[in-house]
Amino acid sequence: MLISFLALLILLPLARKLTDSHWLALFDSFYRTGALVFGGGHVVLPLLQAEVVPAGLADG
């Protein structure tokens, strides 16, 4: 499980750079935010806002 966790943490940003997939970029943002935050929702929401809104991923 730890190997899968770390592999996704490393490979998702690389795949995001190689493709223009909206869904992959969104999944990468949520995965990295969830993987690196060990707090409550009040910690996660500003990180997601900083990651998703400027990139235009919130537009759908």
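Numbering of residues begins at 1 and proceeds along the displayed sequence.
Enclosure of atom CG in L18 by more than 12 non-hydrogen atoms of other residues, nucleotides or ligands within 6.0 angstrom is indicated.
Looking at every heavy atom in both residues, Y31 comes nearest to L9 through CE2-N, 3.7 Å. The two residues S29 and L48 make their nearest non-hydrogen contact at O-CD2, 4.2 Å.
Linking ILVMFWY residues whenever their side-chain heavy atoms come closer than 4.5 Å, directly or via other members, places L6 and L12 in the same cluster. Residue F27 is not grouped with residue L45 when hydrophobic side chains (ILVMFWY) are merged at heavy-atom distances under 4.5 angstrom, including chains of intermediate members. M1 and L8 are members of different hydrophobic clusters when ILVMFWY side chains are connected at heavy-atom separations under 4.5 Å.
Atoms CG and OG1, from L24 and T19 in turn, are 4.5 Å apart once rounded to the nearest 0.5 Å. Once rounded to the nearest 0.5 Å, the distance linking CG of L26 with CD of E51 reads 10.0 Å. Atoms CZ and CZ, on R16 and R32 in that order, are 5.5 Å from each other to the nearest 0.5 Å. Of the inter-residue distances, the one linking I10 atom CD1 with F5 atom CZ reads 10.0 Å to the nearest 0.5 angstrom.
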